[in-house]
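Everything below concerns the one structure shown next.
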Amino acid sequence: MRKLRWEFVMAIIGFWFVLFMTWNEYSKVLTFSVVLTGIFIAFIRIHWYPLAFDKNIERVESYLRNQKNTPGMYINYVMANKLDDEAEVVMEQVRLKYKREVAQAPFKAAYGFYNNDMNAIREAIPHIRWSDYRAYYETYLLMEEGNSEQARERLKSIKKHWMRSALLGAIELKAGRRELAIQLAKEALDVSKGVHHYVLYKEYERLYPEVVKTVS
């Protein structure tokens with residue numbers, strides 16, 4: 001609803017702006033360029049900002065909750081909030097929408113992570129195109145299989161800071177070093193943004209309640 005209100009307001013502003021420029025006899029090229037720029041900025045604000053840059057949990061959650069018609073995005077909300085029955089339905093929608101194996105692979109790995117299904121993750125890894133995400137799940141598998149030293153070495157290849165901190169925190173927690181894990185969780189939250197920040201936040205609500213209090 002909030003998204004629709006924002007789009008309505010932007011449409012009204014755009015209409016009056018075009019009317020103003022027409023009345024004042026600005027050139028059609030200039031008018032078109034300004035309107036196009038405004039549409040682009042509005043699109044960034046409505047879609048890309050909460051997706052990739054926003055760190056406000058309520059705004060990102062509102063954005064994700066309104067993505068029911070986009071299963072590849074909505075599944076982040078469903079899994080982050082542990083909506084098991086809905087997760088299965090949305091995952092099936094993802095499979096139907098994305099036919100190619102390389103498109104399905106990141107979702108299959110994430111769903112395997114969600115269900116603690118190591119075989120599903122293992123099968124998906126070779127088909128993940130993005131090296132950081134592939135290394136992320138490879139590191140996670142190594143950690144779960146008890147190969148913590150190999151996991152530490154594998155995560156060094158990951159460029160994304162939040163991924164390295166989150167994984168290292170998981171390794172330290174598994175090793176019984178909770179205080180160090182908490183520090184790394186705080187670091188992961190601090191450097192993450194958008195959907196990644198939201199998903200980490202929801203996970204850390206369950207694992208480290210003391211961490212999320214500092215960023216609420």
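Numbers here are sequence positions counted from 1.
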Determine yes or no for a side-chain-to-main-chain donor-acceptor pair under 3.5 angstrom, with [X] supplying the side chain and [Y] the backbone.
{"X": "D132", "Y": "I158", "answer": "no"}
{"X": "N76", "Y": "M73", "answer": "yes"}
{"X": "R59", "Y": "D54", "answer": "no"}
{"X": "S157", "Y": "R154", "answer": "yes"}
{"X": "H161", "Y": "A188", "answer": "no"}
{"X": "K99", "Y": "L96", "answer": "yes"}
{"X": "D190", "Y": "K186", "answer": "no"}

Report the distance from atom [atom1] of [X] to atom [atom2] of [Y], rounding to the nearest 0.5 Å.
{"X": "S165", "Y": "Q183", "atom1": "OG", "atom2": "CD", "value": "11.5 Å"}
{"X": "R206", "Y": "Y201", "atom1": "CZ", "atom2": "OH", "value": "11.5 Å"}
{"X": "Y133", "Y": "M163", "atom1": "OH", "atom2": "CE", "value": "4.0 Å"}
{"X": "I75", "Y": "E86", "atom1": "CD1", "atom2": "CD", "value": "10.0 Å"}
{"X": "I57", "Y": "L200", "atom1": "CD1", "atom2": "CG", "value": "9.0 Å"}
{"X": "L64", "Y": "Q67", "atom1": "CG", "atom2": "CD", "value": "7.0 Å"}

Please give me the minimum heavy-atom distance between [X] and [Y], naming the atom from each residue.
{"X": "T139", "Y": "A151", "answer": "CG2-O, 3.4 Å"}
{"X": "A109", "Y": "I121", "answer": "O-CG1, 3.7 Å"}
{"X": "W162", "Y": "S192", "answer": "CB-CB, 3.8 Å"}
{"X": "P106", "Y": "Y137", "answer": "O-OH, 4.3 Å"}
{"X": "K55", "Y": "L189", "answer": "NZ-O, 3.6 Å"}
{"X": "G169", "Y": "A181", "answer": "O-CB, 3.4 Å"}

For the ring pair Y74 and Y77, is the centre-to-centre distance below 6.0 Å?
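Yes, close enough.
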Side-chain donor-acceptor pair under 3.5 Å between Q104 and H127, yes or no?
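Note: Q104 and H127 side chains miss the donor-acceptor criterion.
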Can you check side chain to side chain contact (heavy atoms under 4.5 Å, CB included) on I171 and L155, steps first, answer last?
CA-CA 11 Å; I171 292 171; L155 68 81; 3.7 Å; yes
Go through L207 and E203 one step at a time and tell me if the side chain to side chain contact (heavy atoms under 4.5 Å, CB included) criterion holds.
CA-CA 6 Å; L207 283 178; E203 179 66 17; 3.6 Å; yes
Any chance CZ of R100 has more than 12 other-residue heavy atoms, nucleotides or ligands included, within less than 6.0 Å?
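No.
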Would the number of heavy atoms belonging to other residues, nucleotides or ligands and lying under 6.0 Å from NZ of K68 be above 12?
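Count not over threshold, so no.
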Please collect all side chain to side chain donor-acceptor pair (under 3.5 Å) contacts where either partner lies in residues 110-119, sequence neighbours excluded, each pair once.
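As it turns out, the side chain to side chain donor-acceptor pair (under 3.5 Å) pairs with a partner in residues 110-119, which skip direct neighbours, are D84-Y114, N119-R122.
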State yes or no: do [X] and [Y] share one hydrophobic cluster built from I, L, V, M, F, W and Y residues joined by side-chain heavy-atom distances below 4.5 Å, directly or via other members?
{"X": "L142", "Y": "I125", "value": "no"}
{"X": "V89", "Y": "F107", "value": "no"}
{"X": "V94", "Y": "V102", "value": "no"}

Among Q93, M91, E92, whose side chain to side chain contact (heavy atoms under 4.5 Å, CB included) with P71 holds?
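So, applying the side chain to side chain contact (heavy atoms under 4.5 Å, CB included) to P71 and each of Q93, M91, E92, only Q93 qualifies.
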Report the C-alpha separation of E101 and K108 in whole Å, then their side-chain angles, then the decisive distance to 0.1 Å, and conclude whether the salt bridge (Lys or Arg N to Asp or Glu O under 4.0 Å) test is met.
CA-CA 10 Å; E101 187 66 40; K108 287 181 176 179; 3.2 Å; yes
Applying side chain to side chain contact (heavy atoms under 4.5 Å, CB included) to E138 and L141, what does each step give before you reach the verdict?
CA-CA 5 Å; E138 287 173 345; L141 275 182; 5.8 Å; no
Carboxylate-amine/guanidinium contact R178 E172, below 4.0 Å
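No salt bridge links R178 with E172.
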Pairing residues for E205 by the salt bridge (charged side-chain N to carboxylate O under 4.0 Å, His left out) criterion, not counting sequence neighbours:
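E205 satisfies salt bridge (charged side-chain N to carboxylate O under 4.0 Å, His left out) with K202 only.
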Working note: M118 + Y140, criterion side chain to side chain contact (heavy atoms under 4.5 Å, CB included); need CA distance, chi angles, decisive distance, verdict.
CA-CA 9 Å; M118 300 303 114; Y140 179 75; 3.6 Å; yes
